[in-house]
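Report on one structure; see the data block that follows.
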Amino acid sequence: MTYTKIMRREIADLVREGLQAAQAAGALDVFDIPKEIPVTPSRHEAHGDYGSPVCMGLARVLHRAPIQIAEALAPHIPAVEYISGIEAAPPGFINFTLDEGWLAQQAPVILEMGEAWGNLDVGAGERVQVEFVSANPTGPLTIGSARNAVLGDAMAAVLAAAGYAVEREYYVNDHGSKARKLGYSIYMRYLSLLDAPPPSFEEEKYPGEYVTAMAQELVDASGRRFVEMDPEQAIREFSAWGIERVLAGVEKDLARMRIHFDTWRHERDFYQGDPSLYEQMMARLREDGYIVDKEGAVWFSHPDLDQDAVLVRSAEVIPNPEDRPTYLMSDVCYLWDKLVVRDFDSAIYIWGADHHGDVPRVKAAAKALGIDPARVELILYQLVTLRRGDQEVRMSKSSGEFVTLRELIDEVGPDPIRFMMLTRTADVTLDFDLDLAVEESDRNPVYYVQYAHTRIAGVLRHAAERGWDPDVIGDPALLTHPSELDLIRKMLALPEIIDVAAEHRAPHHLTAYARELAALFHIFYHNCRIVSSDPADADLSHARLMLARAAKTVLARVLHLMGMDAPETM
RNA sequence: GCCCCCGUGGCGCAAUUAGGACAGCGCACCUGGCUUCGAACCAGGGGGUUGCAGGUUCGAGUCCUGCCGGGGGUACCA
């Protein structure tokens, strides 16, 4: 397998070698060379392609002006084919310029690698689990879950590209009170549809049409069969059936978003077996002194926490034993399941910011279990506000009033949802405008990127019609136009973007990159005629067709990393 | 009260390996560009003391403190 090089890191290595050489030659005093050499892409053309501010930091150590250090260092940086210029620049930067001839040669290299372009080995095969969505299976997915889904899936894709062995997992909360609540809700609707008398007890119900729909389905399939059944028995059956029913819908909706899970882990499993994982964990925590019994409940107590947290509710408050363990108790089991039993190197959780208060508890639980808390990564995203134009749409599952993911997919399709949900960092609240998402205009950025891809496809079709052989690899040395080179520079940056996005767990970088790449293709297209009708330009046309094909592959790669379609026509 | 996130041109957001050289992009607004490859595109223009006040640093949108404003959390709910 071929991996892509990250230019930034290559250049950092050059600087390191330069520092060593300069020391050896006596041009610089001997000092400990920093482990991390900073190198950043330049923001201004005059500064070349990459720059390093190392010398600024060394000024203090060496008691010399940064620019003097830079000037002493520059001549000792080894010459390599891909760098044409190394320059010390005030106040003390070292600037690197990529060689344009070498740059042009990268076009066929990228084309050759195809969608493997951008693959890295920084993950070194480390096993990472990304657990996301994990919405309670008590109703259809909402738009809030869509952000979770999009973020988690893109995160997984980016990590896989960076060389991690990634598994996508959905955690099914199918144990305890909410499962029963769903069963009870369906049961009550079922009875009322058949005009049968309700049971003597009354509990909380989920409102919402989907409950009625499921009850109707049972009526159609089974008639009055459950009317005579013992209510407790019926509720149990309705609950199990309902959860499966909802999950099937969830899976289908997510599939339409092009999201597929490797595993579906059921909370219920933690409470089965003899002894169950739940019993094992409880015994373990108790033995290690993390359990406090008080007020009839069982509490988790840890020095990192300001206050104890309930693991098992008291029988006085919750009569049904199955409903007594809290979600924190399940989280404890799940930690063990992920990081000990299945032994992932790390577990990434994608959570809504409304759960941020749980972070310290889960971290403390990991510690209590002897798991390095650094292996547990909680990624929080701020919530989604939904609006139609300037009118806010309030959502809540308990009120039964919400916009489902399915409705949204029906309205706009998966691509705008994926792109728009990914454009912002997880740290900011997201305003999702239903009107805008539907709008097929240039206010809607998703089309800009996809259009670049279809535009290339259109050019290639045009070329084929004119009899151009699509497989001819033109001479890259003919690619000398600034628009051509800028496009190649941007394609060359994909590995860095994947590196950054993976390391910082920030897949939103992909959207910005996709727009930039698309923009540079559009500029190239505008400035450089690709398929020329003048026979004298045949060689150049071949070279540009190659460049266009390379750009098409990279665009497709980025779109696919974001889980989007790379269409041939629009 | 305490905890978390955010505050960047009219609006929506970026800003890179967690501090680097002149803060970018889209929308909106104004102007120009299709008789050869897809104008869902391109080019140009106006618009900013990065919420406020301090601090650390050679250097701060980025780090620290305080304040102001918005959102979320603070259950024997999940």
Side-chain angles (χ1 to χ4, degrees), chain A residues 6 8-9 12 36 38-44 46-47 51-53 56-57 59-60 65-66 89-93 95 136 138 173 176-178 181 204 295-299 306 309-314 316-318 324 326-327 330 352-360 380-383 385 397-398 423-429 431 433 436 440-445 447-448 450-452 454-463 465-466 493 496-497 499-501 503-504 506 508-509 511-512 515-516 518-519 521-523 525-527 529-534 541 544-545 548 569-570:
Chain A
I6 301 165
R8 201 191 83 241
R9 300 205 172 180
E36 288 285 323
V39 173
T40 56
S42 301
R43 286 212 272 229
H44 303 279
H47 300 150
S52 176
M56 314 285 211
R60 183 176 299 267
F93 289 91
N95 289 332
N136 286 337
T138 53
N173 296 97
S177 56
K178 60 256 171 210
K181 186 170 162 185
E204 260 183 65
E295 299 157 23
V298 182
W299 304 69
D306 297 334
V310 173
L311 289 174
V312 182
R313 304 182 188 98
S314 84
E316 284 171 37
V317 179
I318 306 287
R324 272 179 224 148
T326 61
Y327 65 97
S330 295
D354 52 340
H355 289 80
H356 91 266
D358 298 322
V359 172
L380 302 179
Y381 61 92
Q382 299 295 314
L383 301 181
T385 318
K397 239 184 221 182
S398 49
T423 39
R424 290 155 183 81
T425 74
D427 289 335
V428 306
T429 53
D431 242 20
D433 186 338
L436 177 58
E440 294 201 4
S441 75
D442 39 5
R443 280 158 54 88
N444 202 333
Y447 300 114
Y448 181 80
Q450 288 183 322
Y451 179 60
T454 61
R455 206 179 199 188
I456 299 173
V459 172
L460 295 180
R461 281 192 299 271
H462 171 86
E465 282 163 19
R466 299 293 175 94
E496 271 169 43
I497 295 298
D499 185 36
V500 170
E503 186 177 345
H504 296 306
H508 76 280
H509 288 293
T511 59
R515 288 168 83 140
E516 290 161 11
F521 172 77
H522 287 310
I523 294 169
Y525 175 88
H526 189 259
N527 290 337
R529 177 79 200 177
I530 298 172
V531 181
S532 173
S533 50
D534 184 348
S541 285
R544 286 179 171 168
L545 278 167
T569 57
M570 285 170 66

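Values in this document were obtained by computation on a predicted structure and should not be read as measured data. All heavy atoms count here, side chains included; hydrogens, waters and symmetry mates do not. Residue numbers start from 1 in every chain, and the chains themselves are labelled A, B, ... in the order their sequence lines are given, proteins ahead of strands.
Within the nucleic acid shown, A:E295 comes within 4.0 Å of at least one base atom, counting heavy atoms only. Nucleic acid contact class of A:R515 (heavy atoms, under 4.0 Å, all strands): sugar-phosphate only. Across all strands shown, A:I530 has heavy atoms under 4.0 Å from base atoms, whether or not it also approaches the sugar-phosphate.
Partners of A:R9 under the salt bridge (Lys or Arg N to Asp or Glu O under 4.0 Å) rule, at least two apart in sequence or in another chain, are A:D499, A:E503. Partners of A:H356 according to the side-chain hydrogen bond (donor to acceptor under 3.5 Å, both in side chains) rule, which considers only residues two or more places apart in sequence or in another chain, do not exist here. Partners of A:T511 by side-chain hydrogen bond (donor to acceptor under 3.5 Å, both in side chains), not counting sequence neighbours: none found. With sequence neighbours excluded, the residues satisfying side-chain hydrogen bond (donor to acceptor under 3.5 Å, both in side chains) with A:Y381 are A:N148. By the salt bridge (Lys or Arg N to Asp or Glu O under 4.0 Å) test, A:D427 pairs with no residue at all, sequence neighbours left out. A:Y327 pairs by the ring pair (Phe, Tyr, Trp, His ring centres under 6.0 Å) definition with nothing, not counting sequence neighbours. Shown here are the ring pair (Phe, Tyr, Trp, His ring centres under 6.0 Å) partners of A:H508, two or more places apart in sequence or in another chain: there are none.
With RNA chain B read from its 5' end, the first of the two nearest nucleotides for A:Y525 and A:H355 is the one closest to A:Y525. Nearest-nucleotide positions on RNA chain B place A:Q382 closer to the 5' end than the other of A:Q382 and A:K178.
Nucleotide B:rG59 has no partner under the Watson-Crick or G-U criteria, as no pair reaches both atom distances under 3.5 Å. Base pairing of B:rG1: its partner is B:rU74, meeting the Watson-Crick or G-U wobble criterion (both donor-acceptor distances under 3.5 Å). A 3.5 Å limit on both hydrogen-bonding distances identifies no Watson-Crick or G-U partner for B:rA39. When both pairing distances are held under 3.5 Å, B:rG46 makes no Watson-Crick or G-U pair with any nucleotide shown. Nucleotide B:rG24 is matched to B:rC13 when pairs are restricted to Watson-Crick or G-U wobble geometry with both distances under 3.5 angstrom.
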**Prompt:** Can you give one letter per nucleotide of nucleotides 14-21 of chain B, 5' to 3': B if a protein heavy atom sits under 4.0 Å from the base, S if only from the sugar-phosphate, - if neither?
**Reply:** SSBBB-BB

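Between B:rU50 and B:rG7, the two C1' atoms lie 10 Å apart (nearest whole Å). Rounded to whole Å, the P atom of B:rU65 lies 15 Å from the corresponding atom of B:rG19. B:rA43 and B:rU62 have their P atoms separated by 31 Å, given to the nearest Å. One P atom belongs to B:rG54, the other to B:rA60, and the distance between them is 14 Å to the nearest Å. For the C1' atoms, the distance from B:rG20 to B:rC5 is 26 Å, rounded to whole Å.
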Please list each protein N or O that sits under 3.5 Å from an N or O in nucleotides 29-35 of chain B, with the distance.
none

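Residue A:Y448 places at least one side-chain N or O under 4.0 Å from the OP1 or OP2 atom of B:rC42.
Nucleotide B:rA40 is shown with an anti base, its glycosidic torsion being more than 90° from 0.
Between A:H44 and A:H47, the angle of the ring planes goes over 60°, which puts this pair in the perpendicular group of the 30/60° scheme.
Side-chain to base pairing of A:H356 with B:rG72: one donor and one acceptor N or O lie within less than 3.5 Å of each other.
If you measure from atom CG of A:D427 to atom C1' of B:rG12, you get 17 Å, rounded to the nearest angstrom.
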